[in-house]
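Just so we're clear, the structure is a prediction, and the values are computed from it rather than from any experiment.
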Amino acid sequence: MASTPGILTDWPWTPLGNFKHVILAPWIIHGAYSFVVNDGKEKDLSYFLIFPFMLWRMIHNQIWITLSRYQTAKGNGRIVDKPLEFEQVDRERNWDDQIVFNGILFYLASRHLPGAQQLPLWRTHGVILTILLHAGPVEYLYYWLHRALHHHFLYSRYHSHHHSSIVTEPITSVIHPFAEHIAYFILFAIPMLTTLFTGTASIISFAGYVTYIDFMNNMGHCNFELIPNWLFSIFPPLKYLMYTPSFHSLHHTQFRTNYSLFMPIYDCIYGTMDKSSDTLYETSLKRKEETPDVLHLTHLTTPESIYHLPLGFASLSSKPHTSHWYLWLMWPVTLWSVMLTWIYGRTFVVERQRFDKLRLQTWAIPKYSVQYFLQWQNEAINGLIEEAILEAEEKGVKVLSLGLLNQGEELNRYGGLYVHRHPELKMKVVDGSSLAVAVILNSIPKGTTQVLLRGKLTKVACATALALCQKGIQVAALNQTEYLKLTKSLNVSESSLVLARNYAQKIWLVGDGLSEEEQLRAPKGTLFFPFSQFPPKKLRKDCFYHYTPAMKTPTSLENVHACENWLPRRVMSAWRIAGIVHALEGWKEHECGYNMSNIDKVWQATLQHGFQPLMISTTHTKN
């Protein structure tokens, strides 16, 4: 929002929220129906293609978003190092408003403007005329409109909304108040209306021109330099006819320079080109891939989880992972992404952060949760993890946290397999078990005398049970097999560890394997504390479900703009935090396999670095 919003700031359909797309439904249905029903010359291909073209624009923009986030996370060619935060993601979440707006205008024009019906696919004269009109009137008028928008009166009421984003993303290019978009459309309509009224318009000239505008807008705001230097060496005048991402980035950091739309020639003519444009271009182009100090390895959970990654849909990744009905409509894309990850089969960078002096990165293994339960997949999964570990070692990473990849004894012995195979590793491998146990212990309400334990007995589960017994809290195992395994592995008194005779306990420590029937038999008001990486399904409205072991992050942790799976904003899993703390403290030992760090030492160090316990409300609200 601008500092002092002017008239026509909000879009007319803002109150409709995500249902704004319904506005287009009558035209979409009519276009498809008339194209199918009409015969021969009565078919209007240009009218029918408006909706597919809108979809193409959305896909095109999303490709740029994914590419930009991937490239800036790696660091190659990155221009601005400042962090991206949730506030900007929320402000830019309705980037498709301008596509809806343009779609309405195209539909209206196609029905009511003379000569706008049944356009041919191609007209050479119209394409040439579009190029000339853009290079002349559109670029010239935009330059002066843009300078006017930087006058205090208009800037404070409109354009400051766009400049709220110092670190730009591709979609920042279209984040403007409604009134600004009206002015921009009038400018961009000059070539389209001229070709229409001169009888030289075509489907290609319209679609190509709008795609060109989208491409250049996205490129100019992508925050990484990608235009190779040899282009300007071959044809030096090109630097005045095509801007670069670093050129426009200076406009967002300096505000009073580089006003041009896509052609810097007007900044040269009127003396508003930033003097550091060439220098920033050269330094950004030479910037190499960033080497992290701490690397977090994770994996995909469900097929649709690809959309919740920071590289996916920004609006989804900025919220805890939940199911959305409309994602089922995208099953062809989802299937394609599953096939791509299966074929490509390489670890990829997901996001980056900075904390204190540490550079943090997250890499994702292209495997889904279900594959970790298939024994025949173990070798392939371990191969990918091992390759990632060796690559991280080669890059000079100091600490690697396994996160979701710490799947258990059967897969990789809690990560110990890799250290055993490569004893020469200088990098420390951390599974985060000690901090996960510490989080659970410090989440259980004071005064608790007995807890019920149910779920697959992992390293964290056994360590938690042992710590509770040592604190004088009785642990009751609900499953006899689990009870026998615990008594065998834990050296505690018979009174500290018992086999539960009923479901009366109100503090449940749960992991993988908790059945729906067992959960439904829990007494009203039960607190469920997960000790596994994955939360239980919430079946009870009269009970309370704690998050999987996690903590709130300090505000000094930068570039946090996505949620970690199902966790709230600015909350990080204990397994991931453990790697950061390990690096901050400079601990020299691995924490993986059957080794665990001192629980109290890890907990105190974590608190000292600003991470805070995560509390949940245990009071029901009345509707």
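Note: His546 and Phe529 meet the aromatic proximity criterion, with ring centroids under 6.0 Å apart. If you look at Tyr326 and His324, their ring centroids are closer than 6.0 Å.
Between the side chain of Gln62 and the main chain of Gly312, a donor-acceptor pair closer than 3.5 Å is present. Looking at Ser532, its side chain never comes within 3.5 Å of a backbone N or O of Gly511 through a donor-acceptor pair.
Nearest heavy-atom pair, Ala550 versus Leu614, reported as atom, atom and distance to 0.1 Å: O-CB, 3.8 Å. Of all heavy-atom pairs spanning Ser246 and Ser284, the tightest one is CB-OG, 4.4 Å. Taking every heavy atom of both residues into account, Met551 and Pro613 meet most closely at CE-N, 3.9 Å.
In the model, Asn61 has no side-chain atom that pairs as donor or acceptor with a side-chain atom of Asp214 under 3.5 Å. Judged purely by distance below 3.5 Å, without hydrogens or angles, the side chains of Gln88 and Glu92 pair a donor atom with an acceptor atom. Side-chain polar atoms of Thr334 and Tyr307 form a donor-acceptor pair below 3.5 angstrom. Defined by atom type and a distance below 3.5 Å, a donor-acceptor pair is present between the side-chain atoms of Thr548 and Trp566. Between the side chains of Tyr418 and Asn382, a donor-acceptor pair is found at a separation under 3.5 Å.
Atom NZ of Lys398 is surrounded by 12 or fewer heavy atoms from other residues, nucleotides or ligands within 6.0 Å. In this structure, Lys319 places its NZ atom where only 12 or fewer heavy-atom neighbours from other residues, nucleotides or ligands lie under 6.0 Å away. Enclosure of atom CD in Glu517 is not indicated, since only 12 or fewer non-hydrogen atoms of other residues, nucleotides or ligands lie within 6.0 angstrom. For Asn18, the CG atom is loosely surrounded, since the number of other residues' heavy atoms within 6.0 Å does not exceed 12. Taking a 6.0 Å sphere around NE2 of His422, one finds it holds more than 12 heavy atoms contributed by other residues, nucleotides or ligands. Within 6.0 Å of atom NZ in Lys601, more than 12 heavy atoms from other residues, nucleotides or ligands are found, so the atom counts as buried in its surroundings. The neighbour count for Lys552 NZ, taken as heavy atoms of other residues, nucleotides or ligands under 6.0 Å away, does not exceed 12.
Taking Arg69 as the reference, Glu169 meet the salt bridge (charged side-chain N to carboxylate O under 4.0 Å, His left out) condition, with sequence neighbours excluded. Partners of Leu539 under the side chain to side chain contact (heavy atoms under 4.5 Å, CB included) rule, at least two apart in sequence or in another chain, are Glu516, Gln519, Leu520, Lys537, Tyr545. Listed by chain and residue number, nothing satisfies the side chain to side chain contact (heavy atoms under 4.5 Å, CB included) test with Asn491 (two or more places apart in sequence, or in another chain). Residues passing the side chain to side chain contact (heavy atoms under 4.5 Å, CB included) test with Ala73 are Val349, sequence neighbours excluded. In this structure His321 satisfies the ring-ring contact (aromatic ring centres under 6.0 Å, His included) test together with His308, sequence neighbours excluded. Partners of Glu87 by salt bridge (charged side-chain N to carboxylate O under 4.0 Å, His left out), not counting sequence neighbours, listed by chain and number: Arg91. Residues satisfying the side-chain hydrogen bond (donor to acceptor under 3.5 Å, both in side chains) test with Asp96, not counting sequence neighbours, are Lys20, His21. Applying the salt bridge (charged side-chain N to carboxylate O under 4.0 Å, His left out) criterion to Glu564, with sequence neighbours excluded, gives Arg576. Applying the ring-ring contact (aromatic ring centres under 6.0 Å, His included) rule to Trp587 yields the partners His582; only residues at least two apart in sequence or on another chain are considered. Checked against side chain to side chain contact (heavy atoms under 4.5 Å, CB included), Gln480 has the following partners two or more places apart in sequence or in another chain: Leu484, Leu499.
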Notebook entry, point to check: Going through the distances and angles, do His299 and Tyr372 end up as a ring-ring contact (aromatic ring centres under 6.0 Å, His included)?
Noted result: CA-CA 10 Å; His299 66 76; Tyr372 285 79; 4.2 Å; yes
Item checked: Glu289 vs Lys395, salt bridge (charged side-chain N to carboxylate O under 4.0 Å, His left out): CA-CA, chis, key distance, verdict -> CA-CA 10 Å; Glu289 184 175 334; Lys395 288 177 179 290; 3.1 Å; yes
Next item on the list: Under the salt bridge (charged side-chain N to carboxylate O under 4.0 Å, His left out) rule, what do Lys459 and Asp431 come out as? Steps first, then yes or no, please.
Entry: CA-CA 10 Å; Lys459 178 180 176 181; Asp431 68 7; 2.6 Å; yes
Next item on the list: Please assess Arg352 against Arg78 for the test side-chain contact (heavy atoms from CB on, under 4.5 Å), listing each intermediate value before the final yes or no.
Entry: CA-CA 12 Å; Arg352 67 178 178 94; Arg78 191 191 307 138; 3.3 Å; yes
Next item on the list: Check the pair Glu351 / His561 against side chain to side chain donor-acceptor pair (under 3.5 Å), numbers first and verdict last.
Entry: CA-CA 9 Å; Glu351 61 180 338; His561 53 81; 5.1 Å; no
Item checked: Residue pair Asp90, Arg569: steps toward the salt bridge (charged side-chain N to carboxylate O under 4.0 Å, His left out) verdict -> CA-CA 12 Å; Asp90 291 340; Arg569 289 182 169 186; 2.7 Å; yes
Item checked: salt bridge (charged side-chain N to carboxylate O under 4.0 Å, His left out) assessment of Glu393 paired with Lys426 -> CA-CA 7 Å; Glu393 173 77 1; Lys426 296 179 181 178; over 6 Å; no
Next item on the list: Test Leu435 against Phe611 for side-chain contact (heavy atoms from CB on, under 4.5 Å), laying out the working first.
Entry: CA-CA 12 Å; Leu435 184 56; Phe611 294 92; over 6 Å; no
Next item on the list: With side-chain contact (heavy atoms from CB on, under 4.5 Å) as the test, would you mind laying out the steps for Leu327 and Met330 before giving the verdict?
Entry: CA-CA 5 Å; Leu327 292 181; Met330 299 180 63; 4.1 Å; yes
Item checked: CA sep, side-chain torsions, deciding dist, call: Tyr70, Phe224, ring-ring contact (aromatic ring centres under 6.0 Å, His included) -> CA-CA 10 Å; Tyr70 174 73; Phe224 71 94; 9.6 Å; no
Notebook entry, point to check: What's the verdict on side-chain contact (heavy atoms from CB on, under 4.5 Å) for Ile389 and Met427, showing C-alpha distance, side-chain angles and the deciding distance?
Noted result: CA-CA 9 Å; Ile389 289 174; Met427 176 181 65; 3.7 Å; yes
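Considering only heavy atoms from C-beta on, Thr172 stays 4.5 Å or farther from Trp95 through its side chain.
The residues Glu290 and Lys74 are annotated as not salt-bridged, no charged nitrogen and carboxylate oxygen being separated by less than 4.0 angstrom. For the pair Glu85 and Arg570, the salt-bridge criterion is met [side-chain N within less than 4.0 Å of a carboxylate O].
Applying the salt bridge (charged side-chain N to carboxylate O under 4.0 Å, His left out) test to residues at least two apart or on different chains, none of the pairs has a partner in residues 490-499.
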Would you give me the side-chain donor-acceptor pairs under 3.5 Å for residues 462-475, sequence neighbours excluded?
from   : atom 1 : to     : atom 2 : distance (Å)
Thr464 : OG1    : Val460 : O      : 2.7
Gln474 : OE1    : Gln450 : NE2    : 2.3
Gln474 : NE2    : Ser495 : O      : 2.9

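The aromatic rings of Phe215 and Trp64 sit perpendicular, their planes meeting at an angle over 60°, well past the 30° parallel limit.
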